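A quick write-up on the structure given underneath.
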Amino acid sequence: MTNDKPLILGISGASGLIYAVRALKFLLEAEMAIELVASKSTYMVWQAEQNISMPANPIQQEQFWRFHSGVETKGKLRCHPWGDVGANIASGSFRTLGMIVMPCSMSTVAKLAAGLSSDLLERAADVQLKEGRKLVIVPRETPFSLIHLRNLTSLAEAGARIVPAIPAWYHNPQTIEDLVDFVVSRALDQLDIDCIPINRWSGHL
């Protein structure tokens, strides 16, 4: 699978970084071009969940994400500092396939719903909405409060696709990765990207 236009992968400070890692693995293996931006809080989540320090330098961060996704050379990956609001993905004139934010914290959801852009991730997502491009939000929170639901509704009304990190079991998952990959696959489906080998529902036997 090849495409001249890149996909933006936004990673916010929600629990569940495995979703981003698995998405990156399959996207790079499919030889896609990825523009990656991780929020400031993502650094803290890596430390809390894996006791790992994520580097801030873009070149080192590319090596970091490639190492953890297990894809050393395939695809194209460019990492952006979270505060670089002058990056290419901050402009609507930079053409993309769209953007997926996975996992997406409720703080990020709230800012996007209010049209706030305090960092590059939020600005890039706001650009997708204003340009009418595809924006996929994968919230990782439970339970949702009424405020969360209203913010998600606002994003859906603005054109975003909401794909909660809720796996299914009809594909007979055997591992945690099977459950994660189902969610990642359904999120990428919203962008018409089919690069994950999962057992899709084909009706009753």
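Keep in mind that what you see is a predicted model, and the values were worked out from it rather than measured.
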What distance do [X] atom [atom1] and [Y] atom [atom2] have between them, rounded to the nearest 0.5 Å?
X: Q63; Y: C79; atom1: CD; atom2: SG; result: 10.0 Å
X: H148; Y: S145; atom1: NE2; atom2: OG; result: 3.5 Å
X: N172; Y: D178; atom1: CG; atom2: CG; result: 8.5 Å
X: F64; Y: S69; atom1: CZ; atom2: OG; result: 10.5 Å
X: M44; Y: E49; atom1: CE; atom2: CD; result: 12.0 Å
X: L146; Y: N151; atom1: CG; atom2: CG; result: 9.5 Å

Compare every heavy atom of [Y] with every heavy atom of [X], then report the nearest pair and how far apart it is.
X: R95; Y: P6; value: O-CD, 3.5 Å
X: P81; Y: V37; value: O-CG2, 4.5 Å
X: L121; Y: S12; value: CD1-N, 4.0 Å
X: Y43; Y: A38; value: CE1-O, 4.5 Å
X: F182; Y: P167; value: CD2-CA, 3.9 Å
X: A165; Y: V183; value: CA-CG1, 3.7 Å

Might you confirm whether atom [atom1] of [X] has over 12 heavy atoms from other residues, nucleotides or ligands at distances under 6.0 Å?
X: I176; atom1: CD1; result: no
X: R133; atom1: CZ; result: yes
X: F67; atom1: CZ; result: no
X: K130; atom1: NZ; result: yes

Whether the side chain of [X] engages the backbone of [Y] through a donor-acceptor N/O pair (distance < 3.5 Å, no angle test) should be reported.
X: S154; Y: R150; answer: yes
X: T153; Y: L149; answer: yes
X: R123; Y: S117; answer: no
X: T42; Y: I11; answer: yes
X: Q61; Y: P55; answer: yes
X: E31; Y: K74; answer: no

Can you tell if the side chain of C195 reaches within under 4.5 Å of the side chain of L188, non-hydrogen atoms only?
yes

Under a 4.5 Å side-chain heavy-atom rule over Ile, Leu, Val, Met, Phe, Trp and Tyr, are [X] and [Y] clustered together?
X: V138; Y: I8; value: no
X: V71; Y: I52; value: yes
X: V163; Y: L97; value: yes
X: L7; Y: L135; value: no
X: M99; Y: M102; value: no

One thing to verify: whether K111 and E122 come together as a salt bridge, which I'm taking to mean a side-chain N less than 4.0 angstrom from a carboxylate O.
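Salt bridge between E122 and K111, a charged N being under 4.0 Å from a carboxylate O: yes.
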
Taking NZ, NE, NH1 and NH2 as the nitrogens, is one of them in R66 or E72 under 4.0 Å from a carboxylate oxygen of the other?
no

Kindly assign one of parallel, tilted or perpendicular to the pair W46 and H68, based on the angle between their ring planes and the thresholds 30° and 60°.
tilted

Please tell me whether [X] and [Y] have a donor and an acceptor in their side chains that are separated by less than 3.5 angstrom.
X: E141; Y: S105; answer: no
X: N51; Y: Q47; answer: yes
X: S39; Y: S41; answer: no
X: D126; Y: Q128; answer: no

Those residues at least two apart in sequence (or on a different chain) that pass salt bridge (charged side-chain N to carboxylate O under 4.0 Å, His left out) with D189 are R186, R200

Please walk me through it: do E35 and R78 pass salt bridge (Lys or Arg N to Asp or Glu O under 4.0 Å)?
CA-CA 5 Å; E35 303 279 341; R78 175 162 48 180; 2.8 Å; yes

Should K134 and D192 be marked as a salt bridge (Lys or Arg N to Asp or Glu O under 4.0 Å) after you check the CA-CA gap, both sets of side-chain angles, and the distance that decides it?
CA-CA 10 Å; K134 294 180 179 181; D192 295 322; 2.7 Å; yes

